[in-house]
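Okay, so here's the structure we're looking at.
Naming: A, B, ... by sequence-line order, numbering from 1 per chain. Only heavy atoms go into these numbers, but all of them, side chains included; no hydrogens, no water, no symmetry mates. Here the structure is a predicted model, which is why all the values come from computation and not from measurement.
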Amino acid sequence: MRPTACGEPASKGAREDCGGAHPHFLLDVLRTQDMSDFSEELTRPESEDDQEEASTVSGTRVYFPWLQKHLDTVATGGKKKKDFAQTTGACLSFIREALLKHQWQQAAEYMHSYLQILEDFDSNQRQTAPEIIWKLGSEILFYHPKSSVETFNTFADQMKNIGVLNYLKISLQHALYLIHCGKLEEASRNLSQAETWRYGEKSSSQEMLINLAQAYKGLLEYFSWSKKKMELSKLDKDDYAYSTEARNIFSHSWKTSVNFSALIKTPGVWDPFVKSYVEMLEFYGDRDGARKVLTSYAYDEKFPSNPNAHIYLYNFLKREKAPRAKLLSVLKILYQIVPSHKLMLEFHMLLRKSEKEEHHKLGLEVLFGLLDFAGCTKNITAWKYLASYLRQILMENRVAWVQEEWKSRRNWWPAFHFSYFWAKSDWKEDKDLAYEKALVAGMLLGKGYRYFRYILKQDHHDLRKKIKQMKKSVKKYSIVKPAV
Amino acid sequence: MELEEAKELKERCSQCDAISWGLTEEGKYYCTSCHNVTERSKEVINTDIIPNTKIKSISRGLKRKSKLEKGWDWYVCEGFQHILCQQAEVLKTLGVAPELKNEVLHNFWKRYLQKSKQAYCANPVYTSGRKAQVLKDNVHHSDWASGSELLSDASCASSLESGAESKSDVPTPKPFPALRTPQSESRSVPAVAASVCSGSLDGMEYSEWKEKGILKMTVPGTLALCYLSLLWQREAVTLSDLLRFVEEDHIPYIKAFQSFPEEMKLYGRDKGIFAIESWPDYEEIYKHMFEIATFLDLPRFPDITEDCFLHPNILCVKYLMEANLPVLGTEVRASHTPDEMHGLTHQVTKMTGLGDVDSLTFDPIAKGAQTVKYDVQAIALIVVVLKLLFLLDDNLEWSLSDLAEVNNEKNKTDKPWFSFRKWYQVMKKSVDEKKQNWEEARAKYLWKSEKPLYHSHIDKPGASKRREMVVNLQKQFSTLADSAPTIEKKSPSSFQFHWAEDDPSRPCFHGHSLQGILVKKGPALVTKNSLYWLSTQKFCRSYCKHVTTYEESNFSLSYQFILNLFSFLLRIKAALLHDEVSLIEKKLFKKKYSETKKNSRSRRR
């Protein structure tokens, strides 16, 4: 599985976005469906506490209605299901249907009846119900035209106090909703409440949620901090207000770092938190602290593989002007995870500058690898680098390297990059790109190839000189021996 | 009780400044106006006031108990009696003769109490500390054999009347003179034991009561008893009608205990006895009815004659009208064969002997006694006639429709010929709509009573808190629902469909004629179709009690549609109707059945 776009980070990158409460909701509801269907027969998946895992698992689940029916009768021992359960079951499917069709009023109508599941004589049902109700209800209230922040708040507050299992989760999602609505202060107050909430012994799932609540609070504090920093940058240093503002900022950072540190230590994808944490650390000159955070985030094996972690580390090291070898080792890992990332161009240049021969060879591989992706086909820098590097390598008589790379691409690159269609459209859209590609095509496929020939034929006065040069280099350096 | 306990905390809420505290399930204080839960818990505060918390909690427990004892002492059978009373009252408002309650139902109930040895006998069985005083003057012990005697026992009827009446109107009722006396006598013994796990005095014993030959009353049993009395009175209510009235919330059943007087506390074991979480099922109630009738040892019921509503001749007309089939054919040709369907059902009834008084009248004591499912039978008769006329092989009915439509096109002045296709289109649409509404109404049904039911005292605050929460949440969502009222309660009617001649959305086929389907042959009319197929070739002889199996996909689509349509009207399973159709066919083609088992048979009328 390779990502298709060159400029985009891998899929995991932007999941925990600060303003991203909105897409979160629908996803959650869809997940509810899977869970409620299966929760009756199968014990709930253990990964339920771990949200990351649950969401990836649910995507691959297959749903068989007939199997469901069969399981139902097995579970009840052939006994007829009570009509009460039928009512709530039917209600649930009506609500789902209404949600899918965006009929919020109807969904609310069925919700009215579905709520009675909270009084089910079956205590199992009673315990699983609040979560489902919360997810469906918050979805309805989120979109319903007559709903308001107040109604959402009362609903959330009511749901928090049903049982104890859901308090933290609901608090957290409530806060996300408030953030989405721009009510940052209220959200922060909510998070503080969740943070101090305790029930019984602290279980691992509880701890995780408390950490998350803390971290979100930290994120909110970071937000106001960076706003203040912006204001500060506008102020004159000699201004008398400057020193008080600066002091304010200092007191902030101390609190915030406490909020982040607990969460960041637990394995997971915490991009926005790590990013803001590092920014603050750097601002106060704690480079060692920042480096430590980033290094463990990128290299700790307990953490899931995350391209952004390596990108953050690379950017940090670059700012620090770290030695080339260090930069290369970071990018090498990124190259293995996302060979289509735009940083690969920087990687190539670093490799080219290196003294080692194997680095030079890798530099060629990186460029070929980058251009394998559809999202990068129009990246002119990549083509420019490839053209000049190919020339250089062929000049150095290392045809074997080129041939090695070309072997696996011979079958599909001509159609993928160098078709007649592309020649025409590239020329029309971007003459420089067409020129670079033609040069590469000429070197790889010989001067008789149609892409090269098409560009050659175009008579353009600006490029005339360049094209002449191209003709010369191709004649000289092509891996294809001209048929005599 | 919650609020009372929480009054000790006089602090202002940190969130909203209100002083209104409640206790959470974990014993922590929460603000009732903004739902902010504090860190402070009940125990912590108590130690400030009273050093020994244990004493406090014990005294609280005692207080609770005494509060609860304010409720009446009542027995489970009184609960059923109350439900029966309510049901009978509603039946009366539906137009059933008033004697039903005071004479028939009351006598059945008394007889039940006596037979199950719960009252009106020397030694009530299952209650240990209870001695029922027998009102020997009022009850006849042995002479229940004849129906006239049963009905003439009017002296007791008045007592039920007065008891029931006072219950609904006056706050201090005297439920049943016969039952009240023992309560006061033996009060101390069961009261302590009972109040622990049930609101009624004998809820515990009743739920564990198992005795051979005794039929325990249940809530579905009350419906069976109601139906038995309706049948005795030969009222114009079928079992499916009765159950539909229950479903439409006209007859108290699911939350019937809700209307018990405030003082009749209901919890613990009572929950299992009175709380119902399913709709009544036709076959289940039918079975109950039969069991109760045999248990009560009832004599032969009044005869079902041709002028009774339950006689197939009349019921068929009712269902033909309901199903929008030709029924208004007043024209009588040379013979006595009218050209509408009613004549045909009449004939089939006659040929099969289903209209005989003896086969229709219920006689529980007779050997091999069986009640007739009047409504299912009448519908099955209609299905058989439809098969006779249209064959329903997914072929003939459509070609006959073509004929009818061509004729109607040409001849617009005469009575239109009945077209199966047109009828199908109208019925399909109407039934689908009705079914959709029905499913939605079922999904929206609220099962839980306003009074929460709980297992025990420990459970009670939780249950009432849940109730309160559900009510609050429901309030919130109902303001977001469609502004139009959800479903207005329909007034009870024995008809579910209404067809009108001049309404294009619900066209009426009652006045259409069967010309083109019937052919004149001499003085008589004969069906144009001379073929027939049997619904079943083999009858099941095992103990499963099903006459036959119905595998939908084995049958023609038209047949499936018709079975589904009618079984929806009666709210029964299609298989049950299929069974009944097979039984009628068995009678109708008796000879053919014994001769051979060929699939399709020709028949001459």
Side-chain angles (χ1 to χ4, degrees), chain A residues 80-95 103-123 126 130 133 136-137 140-141 144-147 151-164 167 189 193 196-200, chain B residues 14-15 22 24-26 28 30-39 247 254 271-272 275-281 284 439-449 452-455 459 462-484 486-487:
Chain A
K80 212 187 124 213
K81 225 174 155 186
K82 286 198 168 147
D83 287 338
F84 174 75
Q86 248 171 34
T87 293
T88 50
C91 245
L92 186 61
S93 50
F94 275 124
I95 295 173
Q103 299 164 334
W104 315 116
Q105 290 186 343
Q106 278 202 15
E109 224 172 292
Y110 285 113
M111 197 65 187
H112 177 82
S113 154
Y114 185 69
L115 288 166
Q116 59 186 324
I117 201 173
L118 289 171
E119 286 185 277
D120 200 327
F121 289 145
D122 180 354
S123 60
R126 225 161 49 209
I133 288 176
L136 296 174
I140 294 170
L141 292 179
H144 199 289
K146 267 196 260 167
S147 164
T151 39
F152 194 97
N153 286 349
T154 34
F155 177 64
D157 286 333
Q158 270 173 320
M159 290 310 293
K160 275 180 212 172
N161 291 314
I162 297 179
V164 290
Y167 186 90
R189 209 178 314 134
Q193 262 176 44
T196 50
W197 183 86
R198 289 288 178 280
Y199 179 75
Chain B
S14 58
Q15 298 261 318
T24 63
E25 274 171 288
E26 301 88 57
K28 284 187 179 164
Y30 74 97
C31 177
T32 52
S33 61
C34 71
H35 295 271
N36 168 35
V37 183
T38 61
E39 280 299 303
E247 189 185 274
I254 281 152
K271 200 175 96 174
I276 293 294
E277 295 219 300
S278 283
W279 303 102
D281 173 67
E284 191 195 329
E439 269 163 23
E440 282 171 15
R442 280 204 153 198
K444 282 179 189 162
Y445 187 80
L446 296 176
W447 289 87
K448 298 297 174 181
S449 67
L453 289 174
Y454 46 93
H455 285 296
D459 207 24
S464 21
K465 192 190 157 197
R466 270 198 294 277
R467 181 90 274 263
E468 199 186 316
M469 217 161 51
V470 169
V471 169
N472 281 339
L473 287 169
Q474 277 177 341
K475 235 184 259 161
Q476 192 173 8
F477 279 97
S478 58
T479 56
L480 294 177
D482 233 342
S483 48
T486 43
I487 328 147

Under a 4.5 Å heavy-atom cut-off, does chain B meet the side chain of A:His144, its backbone, both or neither? side chain
So which of A:Ala85, A:Ser93, A:Ala90, A:Cys91 has the biggest tally of heavy-atom pairs under 4.5 Å with chain B? A:Cys91
Evaluate the side-chain contact (heavy atoms from CB on, under 4.5 Å) criterion for residues B:Lys444 and A:His112: first the C-alpha distance (whole Å), next the side-chain angles of each, then the deciding distance (0.1 Å), finally the verdict. CA-CA 8 Å; B:Lys444 282 179 189 162; A:His112 177 82; over 6 Å; no
Is the side chain of A:Gln116 donor-acceptor paired with the backbone N or O of B:Trp447 at a distance under 3.5 Å, no angle test? yes
Select one option (side chain, backbone, both, neither) describing which atoms of B:Glu277 are under 4.5 Å from chain A's heavy atoms. both
Proximity breakdown for A:Ile133 and chain B, heavy-atom pairs closer than 4.5 Å: neither
Contact winner vs chain A - B:Gln474, B:Glu439, B:Arg442, B:Met469, heavy-atom pairs under 4.5 Å: B:Gln474
Quick check, are the ring centers of A:Tyr110 and B:Phe477 under 6.0 angstrom apart? no
Side chain A:Thr87, main chain B:Tyr445, donor-acceptor under 3.5 Å: no
Between A:Met159, A:Glu119, A:Arg126, which has the largest tally of heavy atom pairs under 4.5 Å with chain B? A:Glu119
Check whether any side-chain N or O of B:Arg467 sits under 3.5 Å from a backbone N or O of B:Ser449 as a donor-acceptor pair, and report yes or no. yes
